[in-house]
There are 2 protein chains.
Amino acid sequence: MAGKRVTIRDVARAAGVSYQTVSRAFNDKGEINGDTKRRVMESARELGYRPSRFARGLVRQDTTSIGLVIPDLLNPFFTEVAAAALDAARQRGWHVLLYDTADDRELELDALGVIGSQVDAVVGYFYEPVEIIEKVVHGMPTVYIGRDRAGATFTSIHIDGGPGIRAAVAHLVADGRHRIGMLDHGGNRPPSSRRRWFLDAMREHGLTGVAVGADQSIDGGARAMASMLEAHPDLDGLLTYNDVIAIGAIRRAVQLGRRVPQDCAVIGFDGLSLGEIVEPQLTSIRIDTRQLGALAIEQVAKLLAGEPAGLATVTPALHVRGSA
Amino acid sequence: MAGKRVTIRDVARAAGVSYQTVSRAFNDKGEINGDTKRRVMESARELGYRPSRFARGLVRQDTTSIGLVIPDLLNPFFTEVAAAALDAARQRGWHVLLYDTADDRELELDALGVIGSQVDAVVGYFYEPVEIIEKVVHGMPTVYIGRDRAGATFTSIHIDGGPGIRAAVAHLVADGRHRIGMLDHGGNRPPSSRRRWFLDAMREHGLTGVAVGADQSIDGGARAMASMLEAHPDLDGLLTYNDVIAIGAIRRAVQLGRRVPQDCAVIGFDGLSLGEIVEPQLTSIRIDTRQLGALAIEQVAKLLAGEPAGLATVTPALHVRGSA
DNA sequence: AGCGGTCACGTGACCGTTCACGACAATGCT
DNA sequence: AGCATTGTCGTGAACGGTCACGTGACCGCT
């Protein structure tokens, strides 16, 4: 039953033709008699024959497929990026293998390992440093999302939050706010670039920013906000590493009796459409995720064509809604 | 440059060994001298050699990959399902090719067409009827999510909303509400099963339900709610086809001066985690998307093993939060 | 009758790997 | 020294298709 795979020759034998004729029938190529074709398709269906994707791909090397590696599909930011990349890939007729590494370094490397023999290129948002990644992909074309720099051997897409964060701080300061904090990403990861941009921007206004880490989830944002408000009860402005954290922070702030934005303005980062359905609507530094996804695919295309692609940059901009 | 692919023989020639030895080096199989291996890997890297996934797959037919077809990744319900399926597939070591058909029948068929030669099985949430789908997948194992029935040749996962919807209606009635409406999905699609379950449940209480269609988006929910309230200003309870519609409906209801849930209670369908971040939190008939995704993969596994899998069912349950 | 042109189909080569097997040198043993 | 053993490596054959040809039947034409 689970015996041998049924091959094109089995079908040929059953239909009383040569295997080439079967091939013709399946690819409705060239000249083949209508009756013969029907007969072939008939016995093919009876035997449950389906052409091997490997054998087929081996000879006509047209289809390209890429691996998309993200840390967490349920994080709306990555959902949007994935959707955009999927769309861009489809327009080129590419296939996309999606891997969700569940924020796990181990799984990230695993995914890259198994991916290697399945795709022509990889694009992803990785946690591991480039050197480690490169070791495991064995020279496969790779595009890194969210890396500040590119190297001789790798291509990346830089998210330059500097201008947006500067605009956000300026927006708060212009509103008369001076006690501004930030909820950075947390865990044991090093401080993000976004935190640096924030601190720099504060300094430009002669202010001192205070930053703490938060898990990248609503609860994480809520918890971090609680300790932030405990340490700085007079906080009147907040930036966050991303929108999800911001939403958690707002909720906790409200629970603790703050009015948002009156008592404490909150500005997220990502500009997810999710920010529209919360109350107040979330002001955020908005990344054009469609552009980001399209750019990623474009870079892959360049790499696949042999031209080194280097560094591409997206520059998110402040998008004022209700929370600041 | 964009010339021929570099094959295992090229590497062999460069390293001065046979191609078999190169193969050994790459799969760190059996007996090979350490020095030889290093030398092989070296020239492989110089030439930029990477084994062909097709040739490799052809001979060791171990890797299985499946296609996951969904209408819209940005719809949080499908995001959750996809994430769950991805996870379940990973646990089996399967690869997942994801296709977002953008709610487009044309693209759905396109996706299935190109998928055919790339995957071993397909699971998806399709709009087209089974007969059409079957025609284009050419006998590939297929699992249909959200179909009420299974057939001899296809397998499906049924979402039995009946009990949940009955509970929801009972919940509203117990609350003294009698003027209950429903926002079904819209477009030119036929009324959903959910609508039928709703009308039946209402009838059981001796009530008459009124249902109108809505686009599956926040805006769609808002628009439909506006016309619903215009036609029935005294509406005091609402069910919706899904949570996204419910969120739009709540927003519009509030804009039109209704208090939710006091004046009009709203119950969604899907039970997305999204429902926790809106105010009030959304009461909903909750589908266990993790179970749904896992079940889908499980059915695929059965199909792949040769055992017909038939019909599986998930039964969502009323999950009371704040909006009803 | 002989010829060229279609149509429908079959033959041989090839795609890039892995696997089973055999060859061969170096080594160990008696 | 003779022989079995071990460690490395090479050779031939799949794996399941597609593609460029070659071939024969059949047709109409001169």
Side-chain angles (χ1 to χ4, degrees), chain A residues 2-44 47-65 114 116-120 138-140, chain B residues 3-41 43-44 47-65 114 116-120 138-140:
Chain A
K4 301 289 300 162
R5 163 185 257 284
V6 30
T7 97
I8 199 173
R9 288 160 215 267
D10 297 328
V11 178
R13 203 173 313 122
V17 295
S18 84
Y19 52 86
Q20 162 66 334
T21 303
V22 178
S23 173
R24 266 194 275 265
F26 264 82
N27 305 310
D28 40 51
K29 264 284 180 41
E31 305 89 0
I32 183 176
N33 185 293
D35 283 342
T36 316
K37 175 166 178 178
R38 254 184 298 282
R39 192 155 39 97
V40 167
M41 296 310 265
E42 174 62 19
S43 13
L47 295 176
Y49 164 75
R50 289 193 320 111
S52 148
R53 67 170 190 274
F54 293 117
R56 184 172 269 180
L58 190 54
V59 40
R60 19 175 265 218
Q61 15 225 45
D62 41 6
T63 66
T64 80
S65 53
V114 297
S117 51
Q118 294 285 332
V119 299
D120 302 305
H138 282 305
M140 179 159 40
Chain B
K4 302 288 299 161
R5 166 184 254 284
V6 31
T7 101
I8 200 174
R9 289 162 213 267
D10 297 329
V11 179
R13 204 173 310 121
V17 294
S18 82
Y19 51 85
Q20 162 66 335
T21 303
V22 178
S23 172
R24 268 194 273 262
F26 263 81
N27 306 310
D28 41 51
K29 264 283 180 45
E31 307 90 358
I32 182 177
N33 185 294
D35 285 340
T36 317
K37 174 167 179 179
R38 255 183 298 282
R39 192 156 36 100
V40 167
M41 296 311 264
S43 15
L47 295 177
Y49 164 76
R50 289 194 320 112
S52 149
R53 67 170 188 275
F54 293 116
R56 182 172 271 180
L58 188 54
V59 40
R60 18 177 264 216
Q61 15 224 46
D62 41 7
T63 66
T64 80
S65 52
V114 297
S117 50
Q118 295 284 329
V119 300
D120 303 305
H138 282 307
M140 177 159 41

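Just so it is clear: chains get the letters A, B, ... in the order the sequence lines come, proteins before strands, and each one is counted from 1.
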Return the value, rounded to whole Å, for the distance between atom CD1 of A:Ile8 and atom P of D:dG17. 6 Å

Residues forming a side chain to side chain contact (heavy atoms under 4.5 Å, CB included) with A:Ala15, sequence neighbours excluded: A:Val17, A:Val40, A:Ser43

Touch check for B:Tyr19, heavy atoms < 4.0 angstrom, all strands: base, sugar-phosphate only, or nothing? base

Might you point out which heavy atoms bring A:Asp120 and A:Met140 nearest each other, and give the distance in Å? O-CG, 3.9 Å

If the cut-off is 4.0 Å, is B:Asn33 near the phosphate of D:dG7, judged by side-chain N/O to OP1 or OP2? no

Stepwise, does the side chain to side chain contact (heavy atoms under 4.5 Å, CB included) test hold for A:Arg56 with A:Thr63? CA-CA 10 Å; A:Arg56 184 172 269 180; A:Thr63 66; over 6 Å; no

Please write out each protein N/O paired with an N/O of nucleotides 21-25 of chain C under 3.5 Å, distance rounded to 0.1 Å.
none

Separation of D:dT18 P from A:Arg53 CZ (nearest whole Å): 15 Å

Taking the side chain of A:Leu58 as heavy atoms from C-beta outward, which of C:dT18, D:dT18, C:dC15 is closest to it? C:dC15

Tell me every residue that passes side-chain hydrogen bond (donor to acceptor under 3.5 Å, both in side chains) with A:Gln20, counting only those two or more places apart in sequence or in another chain. none

Residue-level proximity of residues 11-18 of chain A to DNA chain D when a heavy atom falls under 4.0 Å: none

Rounding to an integer number of Å, can you tell me how far B:Arg9 CZ sits from C:dT17 P? 9 Å

For B:Ser65, check side-chain hydrogen bond (donor to acceptor under 3.5 Å, both in side chains) against everything at least two apart and list the hits. A:Arg53

By the 4.0 Å heavy-atom rule, please label B:Arg50 as base, sugar-phosphate, or nothing. sugar-phosphate

For B:Thr21 and A:Arg56, take the nucleotide of DNA chain D holding the closest heavy atom to each; which residue's nucleotide lies nearer the 5' end? B:Thr21

Across all chains, not counting sequence neighbours, the side-chain hydrogen bond (donor to acceptor under 3.5 Å, both in side chains) partners of A:Ser23 are A:Asn27

Has A:Tyr49 got a side-chain N or O lying under 4.0 Å from the OP1 or OP2 atom of D:dG17? yes

Which nucleotide in the set C:dA8, D:dG17, C:dT18 lies at the smallest distance from any side-chain heavy atom of A:Pro51? D:dG17

Testing the basics here: between B:Gly48 and B:Val6, what is the closest heavy-atom pair and its distance to 0.1 Å? O-CG1, 3.8 Å

Whole-Å gap separating P (C:dG16) and CG (B:Asp10): 9 Å

Ignoring hydrogens, what is the shortest heavy-atom contact between A:Ile32 and A:Arg24? Give both atom names and the distance. CD1-CB, 4.3 Å

Ring pair (Phe, Tyr, Trp, His ring centres under 6.0 Å) partners for B:Phe26, two or more places apart: B:Tyr49

Whole-Å distance separating the CD1 atom of B:Ile32 from the P atom of C:dC19: 14 Å

OP1 or OP2 of C:dC9 under 4.0 Å from side-chain N/O of A:Thr36: yes

Name all residues meeting the side chain to side chain contact (heavy atoms under 4.5 Å, CB included) criterion together with A:Tyr19; count only those two or more places apart in sequence or in a different chain, and write none if there are none. A:Ile8, A:Arg9, A:Ala12

Judged by nearest nucleotide, the residue sitting upstream toward the 5' end of DNA chain D, B:Lys37 or B:Val59, is B:Lys37

Using five pairs at each end of the helix from C:dA1-D:dT30 to C:dT30-D:dA1 to define an axis, what is the angle between those two axes, to 10°? 50°

Considering all heavy atoms of both residues, which atom of B:Ser52 and which atom of A:Leu58 are nearest to each other, and what is their separation? OG-CD1, 4.1 Å

By side-chain hydrogen bond (donor to acceptor under 3.5 Å, both in side chains) - contacts of A:Arg38 (at least two apart): A:Asp35

Please tell me if B:Ser52 has a side-chain N or O lying less than 4.0 Å from either OP1 or OP2 of C:dT17. no

